[in-house]
Amino acid sequence: MRAPEGSTPTLNADAPWAAFDPRAYIDHNYRDLLNADAEILERVRDHFSNHFRENFERPVLGIDVGAGANLYPALSMLPWCREITLFERAPANVAYLRSQRDRFDDHWDSFWELLRQEKAYEEIHTDRRDRFRKAVRVRSGDLFDLTRRNLIGLRPDMGRWQIGTMFFVAESLTGSYTEFRRAVECFMLALAPGAPFAAAFMEGSSGYDVGNQHFPACNVSESQVYDILKLYGKVDIWRLGESSHMVRPGHTGMILVCGHRNADFAPSALSTWLNMPFRRHC
């Protein structure tokens, strides 16, 4: 059930992640390749391909933050990665991701067919499942802890990954704009300087249902997303707002950002305070 208008937004820590049903989510969003995902996947495919065509550092470490029950971000990074971390909080999603490692389900092949139109993907087409099995590492955890300082004050995961994705996560884990901004920053802090990245967001979301369970969302616009992501480097942004891009009630479109992590970004003062050892989440 949706929260009443004007009520206090639901924070990430209070959302019912233990009740998230990945099969219901897949049936609604990913059983077939939807128009919106096809357009997003084409742009992400081209962004990553163009980067590695000019930069020959491979294989690299990749991460999909908030992987959920969606494999296509990981597939989009597969040609260049020796290891891909699928970072996820919801227990049932973690179990689903682990179940896909040895052989991902056939319905993901329609997503792969779109990717393999680019040479780098076509070159690994015949052994894509074996590559996926060898590369994928499923890691359970909270996004806000991803780059948190450990007990001796170090951040071992800060700047660790050389390519990254975050699809429909930062705005879909909380009703709080402050937490939304923190989620974006945590993702960016995990990437190495120069790393290509792709991030997608639901625009104008009022929350979403998975099965019979409601989850919070932060209502964000294209300009808000751009104003945050431009802090991390030069980015390209697209708004998908046609009727064919609407996948459910309660949102006004989708936003895709592709870019490269700049070298001079520093954590915000709020993030630094929140990431001190033993500091509890607000």
Task: Heavy-atom side-chain contact between R155 and L189 under 4.5 Å - done: yes

TODO: Kindly determine whether V225 and V184 satisfy side chain to side chain contact (heavy atoms under 4.5 Å, CB included), including the steps that lead there.
DONE: CA-CA 9 Å; V225 169; V184 172; over 6 Å; no

Task: From OG1 (T174) to CD (E179), nearest 0.5 Å - done: 3.5 Å

Open item on the list: Closer than 4.0 angstrom, basic N to acidic O: yes or no for D142 and R89?
Closed with: yes

Open item on the list: Can you tell me how the ring of W112 sits relative to the ring of H125, calling it parallel under 30°, perpendicular over 60° and tilted otherwise?
Closed with: parallel

TODO: Indicate yes or no: does K134 engage D130 in a salt bridge with an N to O separation below 4.0 Å.
DONE: yes

Open item on the list: Does this structure show an ion pair linking E88 with R139, if we count only N-O contacts that are shorter than 4.0 Å?
Closed with: no

Task: Main-chain N/O of M202 paired with E171 side-chain donor or acceptor, under 3.5 Å - done: yes

Open item on the list: For F111 and W108, take the angle between the two ring planes, folded into 0 to 90°, and tell me which bin it lands in: parallel under 30, tilted 30 to 60, perpendicular over 60.
Closed with: tilted

Task: Side chains of T147 and D157, donor plus acceptor under 3.5 Å - done: no

Open item on the list: Tell me the closest heavy-atom pair linking S206 and A217, and the distance in Å.
Closed with: C-CB, 4.4 Å

Open item on the list: For a 4.5 angstrom cut-off between non-hydrogen side-chain atoms, does F201 reach L229?
Closed with: yes

TODO: Using a 4.5 Å cut-off on heavy atoms from C-beta on, say whether the side chain of V220 contacts that of Y177.
DONE: yes

Open item on the list: Looking only at the side chains, is there a donor atom on one of H51 and W80 sitting less than 3.5 Å from an acceptor on the other?
Closed with: no

Open item on the list: So, taking the atom named OH in Y232 and the one named CG in N262, what distance separates them when rounded to the nearest 0.5 Å?
Closed with: 9.5 Å

Task: Neighbour count above 12 (heavy atom, 6.0 Å) for F52 CZ - done: yes

- [ ] Drop me the distance from I40's CD1 to T165's OG1, to the nearest 0.5 angstrom.
- [x] 12.0 Å

Open item on the list: Could you report the tightest heavy-atom contact between F167 and A198, atom names first, then the distance?
Closed with: CE1-O, 3.5 Å

Task: Main-chain N/O of F87 paired to T85 side chain as donor or acceptor, under 3.5 Å - done: no

TODO: Indicate the ring-plane relationship of Y208 and F215, choosing parallel, tilted or perpendicular according to the 30° and 60° boundaries.
DONE: parallel

TODO: Test the R101-F132 pair against the cation-pi criterion, namely NZ or CZ under 6.0 angstrom from the six-membered ring centroid and within 45° of the ring axis.
DONE: no

Task: Pair D109 + R128, salt bridge at N-O below 4.0 Å - done: yes

Task: Separation between CZ of F48 and SG of C81, rounded to the nearest 0.5 Å - done: 8.5 Å

Open item on the list: Could you check whether W17 and N93, counting side-chain N and O atoms only, form a donor-acceptor pair closer than 3.5 Å?
Closed with: no

- [ ] Could you tell me which non-hydrogen atom of L143 sits nearest to which non-hydrogen atom of A183, and how far apart they are?
- [x] CD2-CB, 3.5 Å

Open item on the list: With a 4.5 Å cut-off on side-chain heavy atoms, are L97 and L71 touching?
Closed with: yes

Task: Value rounded to 0.5 Å, distance of CD1 in I84 from CD1 in I63 - done: 11.0 Å

TODO: Check whether the side chains of D37 and Y30 place a donor and an acceptor atom closer than 3.5 Å, and report yes or no.
DONE: no

Open item on the list: Given 3.5 Å as the limit, does a donor-acceptor pair link the side chain of H47 with the main chain of G259, or not?
Closed with: yes

Task: Test log, rule side chain to side chain contact (heavy atoms under 4.5 Å, CB included), inputs Y96 and I26 - done: CA-CA 11 Å; Y96 169 77; I26 290 169; 3.3 Å; yes

Task: For A195 against L191, the heavy-atom pair lying closest together - done: CB-CB, 4.1 Å

- [ ] Given side chain to side chain contact (heavy atoms under 4.5 Å, CB included), test R239 with E203 step by step and report yes or no.
- [x] CA-CA 9 Å; R239 179 181 182 268; E203 178 195 69; 2.7 Å; yes

- [ ] Kindly indicate whether a cation-pi arrangement holds for R261 with F197, taking the cut-offs as under 6.0 Å to the six-membered ring centre and within 45° of the axis.
- [x] no

- [ ] Heavy atoms only: give me the nearest L78-A135 pair and the separation to one decimal.
- [x] CD1-CB, 4.3 Å

TODO: Decide whether D105 and Q100 meet the rule of one side-chain donor and one side-chain acceptor closer than 3.5 Å.
DONE: yes

Task: Qualifying salt bridge (Lys or Arg N to Asp or Glu O under 4.0 Å) pairs, either residue in residues 45-55, two or more places apart - done: R53-E118

Open item on the list: Less than 4.5 Å apart, side chain to side chain, heavy atoms only: is that true for Y72 and L114?
Closed with: no

Open item on the list: Just so I know, are the side chains of L115 and L75 near enough to count as touching, which here means a heavy-atom distance under 4.5 Å?
Closed with: yes

Open item on the list: I'd like to know if E185 pairs up with R181 as an ion pair, taking the criterion as any Lys NZ or Arg NE/NH1/NH2 lying under 4.0 Å from an Asp or Glu carboxylate oxygen.
Closed with: no

TODO: Let me see the working for D106 and R129 under salt bridge (charged side-chain N to carboxylate O under 4.0 Å, His left out), right down to the final yes or no.
DONE: CA-CA 11 Å; D106 290 342; R129 282 186 164 83; 3.4 Å; yes

Open item on the list: Treating Y121 as the side-chain partner and S76 as the backbone partner, does any N or O pair qualify as donor plus acceptor under 3.5 Å?
Closed with: yes

TODO: Before giving the answer on side chain to side chain contact (heavy atoms under 4.5 Å, CB included), spell out for N35 and E39 the whole-Å C-alpha distance, their side-chain angles and the decisive distance to 0.1 Å.
DONE: CA-CA 6 Å; N35 290 338; E39 184 169 340; over 6 Å; no

Open item on the list: Are the side chains of W238 and R43 in contact, using a 4.5 Å heavy-atom criterion?
Closed with: yes

TODO: Evaluate the side-chain proximity of L146 to V65: yes if any heavy-atom separation is below 4.5 Å, no if none is.
DONE: yes

Open item on the list: For a quick test of reading the model, state the closest non-hydrogen atom pair linking P9 to G175 and the distance between them.
Closed with: CB-O, 3.3 Å

Task: Spatial distance of atom CG (N55) from atom CD (Q162) [nearest 0.5 Å] - done: 12.0 Å

